[in-house]
Amino acid sequence: MSNSALIKSSIAKKYWMALTGLFLCLFLVGHLIGNLQLIIKTGEEGRRAFNEYAYFMTHNPAIMVLSYLTYFSILFHAIDGIALFIQNKKARPVSYAYNKPSANSSLPSRYMALLGTIVLVFIATHMSNFWWKMKVSDEVPMHTYYSPSSQDTMYLTQKGEQISTKQIRELGEIEGTELILKADKFNASIEQQYSSYLASNPGISDDQLADIEEQKKKLKSKKDEILAEGYKDLHTVVMAFFSKKNKSDSGVPLGLLGMFLYVISMAVLGFHLWHGFASAFQSLGMNHPKYTPLIKVFGRGYAIVVPLLFAIIPILIYLNS
Amino acid sequence: MSILDSKIPEGPIDQKWTNHKNQMKLVAPNNRPKIDVIVVGTGLAGASAAASLGEMGYNVKSFCFQDSPRRAHSIAAQGGINAAKNYQNDGDSTYRLFYDTIKGGDYRSRESNVYRLAEVSANIIDQCVAQGVPFAREYGGLLDNRSFGGVQVRRTFYAAGQTGQQLLLGAYSALSRQIGLGRVKMYNRHEMMDIVKVDGNARGIIARNLVSGKLERHSAHAVVIASGGYGNVYFLSTNAMGSNVSAAWKIHKKGALFANPCYVQIHPTCIPVHGTNQSKLTLMSESLRNSGRIWVPKKKEDADAIRNGKLKPTQIAEEDRDYYLERRYPAFGHLVPRDVASRAAKERCDAGFGIEANDTNEGVYLDFASEIKSKGKQVAYAQGDHNPNEETTIRLGKKWVEEKYGNLFQMYQQITAENPYETPMKIYPAVHYTMGGVWVDYNLQSTIPGCFVAGEANFSDHGANRLGASALMQGLADGYFVLPYTIANYLSNEIRTGEISTDSKEFENAEMDVAESISSLMHVKGNRSVDHFHKRLGLIMWNKVGMSRSEAGLKSAIAEIKGLRDEFYNDVFIPGESNEMNAELEKALRVADLLELGQLMAVDALNRNESCGGHFREEYQDDEGETLRDDKKFKYVSAWEYKDREATNSALHKEDLKYEAIKIAERNYK
Amino acid sequence: MASKFINVTLKVWRQKNADSKGNIETYQLSKVSTDSSFLEMLDQLNEQLINEKQAPVAFDHDCREGICGSCSLYIDGRAHGPQTQTTTCQLHMRSFNDGDTIYIEPWRSKAFPIIKDLVVDRSAFDRVQQSGGFVSVNTSGNTMDANAIPIPKTDADNAFNAATCIGCGACVASCKNSSAMLFVGAKVSQYALLPQGKVEANKRVQNMVRQMDEEGFGNCTNTGACEVECPKGISLENIARMNREFLKSNLTSEK
């Protein structure tokens with residue numbers, strides 16, 4: 001009985017809401033620290049710091065575990081919340097003709113489900129805008145840095161051949177943060193280029209052919225070659241997204257709109273946290289005459305500061321674009 | 001030859017109960033599930049009896065008219081519960097509690113019952129603490145006590161001003177446990193309409209389901225009536241709106257004698273009446289007399305000025321105040337018994353010193369100013385401030401008072417819109433408790449075999465006046481520690497009876513009678529509401545069978561009540577139907593019984609040509625207005641036998657009261 | 001206290017029985033003394049209805065001194081009316097003004113079905129209590145001496161504060177989720193704080209919570225409305241304590 005009670009009972013549902021909620025509060029802090037890179041450092045330095053952070057967040061094994069926990073928390077928090085909401089609606093089939101809840105409870109506390117749903121919608125769009133691009137799609141351009149071991153321009157190979165970003169993507173591989181030109185792929189590509197050249201020039205002389213063979217040998221690299229450090233350039237994506245210049249074909253100011261919706265979402269998140277933070281402690285049974293007032297104050301501070309800092313970022317990006 | 005056999009066991013007073021317990025017959029555990037017991041009422045007596053009988057293994061059916069057994073009016077008791085624990089080392093003992101109770105009852109209670117009550121009092125506290133009743137404690141973690149009227153020791157256990165609530169919830173929790181275990185079947189929102197007798201024995205009841213209006217038959221091998229007192233005969237009282245005499249009255253009509261109906265306790269500290277639409281009076285616990293001082297102005301002109309709003313009580317100088325209880329009863333001061341304190345308040349108000357601006361100018365002050373100061377000083381001292389300033393003293397004093405009586409002060413403020421921390425409370429006596437009730441023998445059995453009566457509904461322990469904090473004690477003593485033994489003695493003859501059918505002629509007739517009486521009331525279709533009659537009955541009772549009674553007044557009350565009753569049966573209007581939830585019908589059925597009881601109270605008061613306890617006959621008082629008891633002629637219990645609706649036809653039976661352990665004496669609190 | 005008289009318009013929920021569909025009826029009531037309690041005002045309305053040969057309004061009430069917990073009523077959008085720490089019977093008409101329109105509705109909760117008009121069935125509370133709201137001690141008179149176990153005053157006081165619950169159901173009525181956590185939390189707390197109750201603490205909290213859930217009460221979302229509207233001012237700390245007890249019980253019990 002007790003095992004199912006830890007999942008099914010009304011109190012257990014609250015534990016899970018509280019635990020996932022508090023975990024998400026921690027996540028927010030981590031996320032915020034990263035996001036602040038967008039405004040703390042500017043120019044190339046900022047771009048690199050942010051992209052490095054984005055890389056770290058997507059590649060560190062510990063962070064990976066945490067990120068799965070985060071996905072789980074978001075999902076569980078949402079599903080559990082919806083289940084609670086439905087159950088609670090059922091508990092009062094007929095509502096009051098005249099009700100004055102403002103007399104006994106705060107507005108956010110009464111609209112947690114609504115606020116949470118808005119936050120969930122935000123999270124969904126937010127993830128499709130950035131997370132999806134970062135994690136799954138190939139739309140994010142590469143941001144590569146000159147590698148000390150390679151030549152002075154990032155597009156020049158050791159053999160002095162210029163290659164395009166597209167080619168890098170085709171021929172190279174990112175291992176860790178290093179962009180490596182794969183010898184076998186590169187060689188195969190050279191081979192293919194020459195054979196297509198030969199195919200289109202049937203009347204070529206033997207001398208010329210020998211020269212070409214010589215050239216080919218030179219060009220073909222012997223080993224894998226580190227070209228540069230490469231990151232997916234999320235920084236540019238973010239900057240572009242919230243830019244004044246981001247307009248649809250018909251001229252809708254998408255950047256402004258995005259910034260505006262982001263700020264509103266943060267306000268909603270703030271209200272959600274205003275009640276949610278301290279409430280989580282209560283749900284977990286932590287209520288103490290000495291500490292609860294502190295938790296409440298801290299929770300409210302948290303609910304203001306964290307969303308505010310989040311919201312400042314797109315505003316600054318927009319203004320500076 | 002009287003039909004009354006009080007069945008007092010032989011032996012010295014302190015051995016009677018023990019010997020009796022040793023000699024009573026038992027029912028073996030395997031036989032108990034074959035026996036049904038009905039308990040009517042879920043107050044302290046009813047709930048504790050039902051729970052205890054359920055624990056023992058009987059099949060118990062418990063009935064209450066409220067929506068939950070937890071609502072019974074025991075819950076409203078404020079001050080405390082007495083027990084001879086002597087935790088305070090002030091010389092308390094079983095004997096002293098026994099003695100105080102007999103003396104407090106003005107030597108009109110049955111010695112053996114009272115001694116048993118004192119004897120089991122300590123067990124009650126043990127039992128309640130074991131149940132998790134959160135009594136007030138001192139910082140050392142041990143139980144705290146306060147003192148109450150009529151005694152010179154501190155033996156009252158309390159839980160702020162909500163002792164009754166806590167004790168009732170304790171009994172309710174024990175009852176709930178038995179309900180959960182299936183040993184007690186609970187019938188909420190059911191009212192007992194009549195008792196069913198088969199071959200002269202109580203064999204069940206007819207109950208009305210107050211939600212559906214349906215009449216139900218319930219059989220049992222014994223019936224316990226624990227339905228409380230009849231103070232609502234006065235309309236305005238500290239009783240709950242639903243408190244009624246009906247269960248007790250129905251058994252009275254079927255052969256149980258009704259004892260000492262005229263003994264009514266008028267509680268000295270209630271909030272005065274304010275208007276004609278008032279539905280009830282609110283008690284301010286007697287425990288407040290531990291801390292408050294009662295006074296009226298010494299000068300009539302001051303009283304006038306206060307009533308006219310020209311003077312505030314705080315403006316009356318100390319020397320212009322008459323602390324009349326301290327003046328008249330220096331030994332007990334504010335802690336004289338309730339009847340004495342009430343009469344003293346009435347005396348002052350009748351003399352024109354009342355301070356409340358209501359129709360009758362009836363009200364006196366209960367002042368906490370001195371206590372706030374003295375306790376404030378004590379608290380400051382304990383905190384290390386040996387010379388506190390006035391402001392600190394008062395602040396700490398108020399805090400002390402709040403901790404002790406906070407809920408009472410809050411309640412007072414709710415009702416009167418005055419702040420009792422700043423201005424003295426206004427109080428006046430109000431009907432509170434009825435010492436009279438169904439006559440029972442030592443085993444708490446009425447004159448109907450198999451019908452037991454417990455708690456306020458019986459008459460036995462408080463004589464002519466009950467001491468504060470003794471009602472809770474009696475209710476729980478009856479339910480936890482007396483009935484379970486004595487009822488077993490009776491039930492030991494029932495193990496072969498088998499299940500009692502409700503299809504018998506007796507049940508059928510009883511149900512038909514009830515249906516008929518309901519139908520006849522519904523068909524009056526007159527013009528007046530039930531409350532109209534109830535209020536008029538209340539006025540007659542308060543004015544003529546109230547705090548002071550006279551031969552002429554009582555005689556006219558008897559006639560007036562008869563007239564009112566005739567009018568009731570001709571002109572009452574009950575809306576709705578009988579087969580639905582119908583609060584007016586419920587009230588009408590209760591008021592119909594009160595209209596008979598009220599008359600019997602007047603008849604009893606007229607018969608008792610003496611003043612004792614709560615019964616004060618103007619003809620029998622000394623020069624100082626103190627009661628004159630007549631032990632030669634009236635040292636008996638008046639037990640009335642029902643003949644018909646007209647109480648003047650009731651037959652009087654007398655149970656002579658024998659005092660062997662206590663020397664009967666004048667009751668003196670000076 | 002100088003009494004004055006006011007006129008009020010009452011919007012009262014009328015419902016003939018559990019199965020019928022109810023509606024709000026409007027009544028005019030004049031000459032209501034401001035010294036009357038709210039229930040005395042309803043008495044006055046009923047007297048008026050009876051004189052007009054109409055059905056009086058059914059409502060639960062008994063002690064009229066704020067302790068029995070019978071009276072309920074959702075008055076002007078709040079349980080027990082506009083004042084805090086007040087039962088309806090202790091609410092006085094001086095809290096209203098001449099000409100006011102007052103809404104009077106029954107408690108609304110699936111677990112408290114309406115019986116008639118303003119009367120609801122709160123036996124769900126009884127059943128929760130029956131599932132574990134007690135110390136399993138039989139009547140004996142031989143239990144140990146009441147002073148055998150000293151109890152710290154703060155524990156005793158906190159237990160008492162939890163035990164002052166009158167079971168009126170205002171917590172359920174004002175909670176947007178119809179949650180009964182304050183009621184159950186208070187009971188669990190009272191016993192959890194006292195040594196007498198600790199023995200059965202694990203079983204008690206599990207049984208009471210299970211029964212509470214079965215009765216169809218909603219979940220607590222910590223809005224705190226119950227604490228504000230509770231006529232006895234029972235603290236949210238009791239809900240937290242129940243949450244704690246429930247967790248502890250589930251983690252440590254062997255079953």
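Values reported hereafter were calculated over all heavy atoms of this structure, with side chains retained and with hydrogens, waters and symmetry mates removed. Everything numeric here is computed off the predicted structure, so don't read it as measured data.
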In short, B/R70 meets C/C165 closest at the heavy-atom pair NH2-O, 2.9 Å
Answer yes if the side chains of C/E47 and B/S529 hold a donor-acceptor pair under 3.5 Å, and no otherwise.
yes
Would you say the side-chain atoms of B/Q278 pair up with the backbone N or O of C/S36, donor to acceptor, closer than 3.5 Å?
no
Less than 4.5 Å to any heavy atom of chain B: does that hold for the side chain of C/I50, its backbone, both, or neither?
both
dist C/S37:OG -> B/I415:CD1 (nearest 0.5 Å) comes out at 8.5 Å
Contacting moiety of C/S136, where chain B heavy atoms sit under 4.5 Å:
both
Measure C/D126 against the heavy atoms of chain B and call it side chain, backbone, both or neither at under 4.5 Å.
both
Any chance you could lay out the side-chain contact (heavy atoms from CB on, under 4.5 Å) test for C/Q129 and B/S173, step after step, and finish with the verdict?
CA-CA 7 Å; C/Q129 183 99 22; B/S173 73; 3.9 Å; yes
Per-residue tally against chain C (heavy atom, under 4.5 Å) across B/G164, B/A136, B/A122, B/A160 peaks at B/A160
Segment of B/N527 engaging chain C (4.5 angstrom heavy-atom cut-off):
both
Within 6.0 Å of CD in C/E214, more than 12 heavy atoms from elsewhere
yes
Select, from B/A159, B/A583, B/G576, the one with the greatest count of heavy-atom pairs under 4.5 Å involving chain C.
B/A159
Only pairs of heavy atoms separated by less than 4.5 Å count here; which of C/D60, C/L91, C/T139 has the most with chain B?
C/T139
So OG1 of B/T416 and NE2 of C/H92: to nearest 0.5 Å the spacing works out to 8.5 Å
On a heavy-atom basis, which atom in B/P134 and which in C/A163 lie closest, and how many Å separate them?
CG-CB, 3.9 Å
What verdict does the side-chain contact (heavy atoms from CB on, under 4.5 Å) test give for B/E580 and C/N17, after you've listed the backbone C-alpha separation in whole Å, the side-chain angles of each residue and the deciding distance to 0.1 Å?
CA-CA 8 Å; B/E580 59 174 0; C/N17 53 47; over 6 Å; no
Tell me, please, which residues at least two apart from B/Q414 pass side chain to side chain contact (heavy atoms under 4.5 Å, CB included).
C/Q83, C/T86, C/Q90
Highest number of heavy-atom pairs under 4.5 Å with chain C: which of B/T282, B/I125, B/L143?
B/L143
For chain B, find which of C/K187, C/K232, C/Q130 contributes the most heavy-atom pairs closer than 4.5 angstrom.
C/Q130
Residue C/L193 versus chain B: region with a heavy atom under 4.5 Å
neither
Pick from C/S140, C/A18, C/P195, C/G66 with the largest number of heavy-atom pairs that fall under 4.5 Å of chain B:
C/S140
Could you tell me whether B/D359 atom CG has more than 12 heavy atoms of other residues or ligands within 6.0 Å of it?
no
Is a donor from one side chain sitting under 3.5 angstrom from an acceptor on the other, for C/N138 and B/R177?
yes
Under 3.5 Å, is there a donor on one side chain and an acceptor on the other for C/Q44 and B/N277?
yes
Donor-acceptor pair, distance only, cut-off 3.5 Å: does the side chain of B/D126 make one with the backbone of C/A146?
yes
Using modelled atom types only, decide if a donor and an acceptor are shared between the side chain of B/R71 and the backbone of C/I67 within a distance under 3.5 Å.
no
Is there a side-chain contact (heavy atoms from CB on, under 4.5 Å) between B/R137 and C/N147 once you walk through the steps?
CA-CA 10 Å; B/R137 283 174 188 269; C/N147 259 348; 4.3 Å; yes
Looking at B/E584 and C/K53, is any side-chain nitrogen of the basic one under 4.0 Å from a carboxylate oxygen of the acidic one?
no
Could you go through B/F65 and C/D62, starting from their C-alpha distance and side-chain angles, then the distance that decides it, and tell me whether this counts as side-chain contact (heavy atoms from CB on, under 4.5 Å)?
CA-CA 10 Å; B/F65 69 81; C/D62 200 23; 4.1 Å; yes
Residue part contacting chain C, namely of B/F481, when any heavy atom lies under 4.5 Å:
side chain
Examine whether an atom of C/T87 lies under 4.5 Å from a heavy atom of chain B, and if so say whether it belongs to the side chain, the backbone or both; otherwise answer neither.
neither
So for C/E65, is it side chain, backbone, both, or neither that comes closer than 4.5 Å to the heavy atoms of chain B?
both
Checking the side chain of B/Q131 only, and the main-chain atoms of C/F134 only, is there a donor and an acceptor separated by less than 3.5 Å?
no
Closer than 3.5 angstrom, by distance alone: can the side chain of C/Q190 be matched with the main-chain N or O of B/G132 as a donor-acceptor pair?
yes
With a 4.5 angstrom heavy-atom cut-off, could you sort out which part of C/V120 is near chain B: side chain, backbone, both or neither?
backbone
Tell me if the NZ atom of C/K153 is crowded by more than 12 foreign heavy atoms within 6.0 Å.
yes
Is B/F157 in contact with chain C via its backbone, its side chain, both, or neither, using a 4.5 Å heavy-atom distance?
neither
Examine whether an atom of C/L194 lies under 4.5 Å from a heavy atom of chain B, and if so say whether it belongs to the side chain, the backbone or both; otherwise answer neither.
side chain
Per-residue tally against chain B (heavy atom, under 4.5 Å) across C/V135, C/N158, C/D121 peaks at C/V135
Where does C/S70 contact chain B at under 4.5 Å (heavy atoms): side chain, backbone, both or neither?
both
At their closest point, which heavy atom of C/F125 faces which heavy atom of B/Y172, and how far apart are they?
O-OH, 4.4 Å
Looking at B/C128, is its backbone amide N or carbonyl O close enough to the side chain of C/Q196 to form a donor-acceptor pair, meaning the two atoms are under 3.5 Å apart?
no
When the 4.5 angstrom heavy-atom criterion is applied to B/R528 and chain C, the contacting part is neither
Measure C/Y191 against the heavy atoms of chain B and call it side chain, backbone, both or neither at under 4.5 Å.
side chain
Chain C interface, residue from B/K525, B/H532, B/K85, B/M186 that has the most non-hydrogen pairs under 4.5 Å:
B/K85
Hey, is the main chain of C/C63 close enough, under 3.5 Å, to the side chain of B/K280 for a donor-acceptor pair?
yes
Need one label for B/Q127: side chain, backbone, both or neither, based on atoms under 4.5 Å from any heavy atom in chain C.
both
Choice from C/C89, C/G167, C/P152, C/A55 maximising heavy atom contacts with chain B below 4.5 Å
C/G167
Looking only at heavy atoms, what is the nearest atom pair of C/V119 and B/R189, with distance?
CG1-NH2, 3.5 Å
Please look at B/E138 and chain C and tell me whether the side chain, the backbone, both or neither of the residue comes under 4.5 angstrom of a heavy atom of that chain.
backbone
Tightest non-hydrogen contact, residues C/S123 and B/N188, listed as CB-ND2, 4.5 Å
What part of B/P575 lies closer than 4.5 angstrom to a heavy atom of chain C: side chain, backbone, both or neither?
side chain
Where on B/A357 is there a heavy atom nearer than 4.5 Å to chain C: the side chain, the backbone, both, or neither?
neither
With only heavy atoms counted, which part of B/A76 is less than 4.5 Å from chain C, the side chain, the backbone, both or neither?
both
Checking B/D67 against chain C: side chain, backbone, both or neither under 4.5 Å from a heavy atom?
both
Nearest 0.5 Å please: distance from the CE atom of B/M411 over to the CD atom of C/Q85.
14.0 Å
Could you tell me whether the side chains of B/S279 and C/R64 share a donor-acceptor contact shorter than 3.5 Å?
yes
Using non-hydrogen atoms and a 4.5 Å limit, figure out which bit of C/D155 sits close to chain B: side chain, backbone, both or neither.
neither
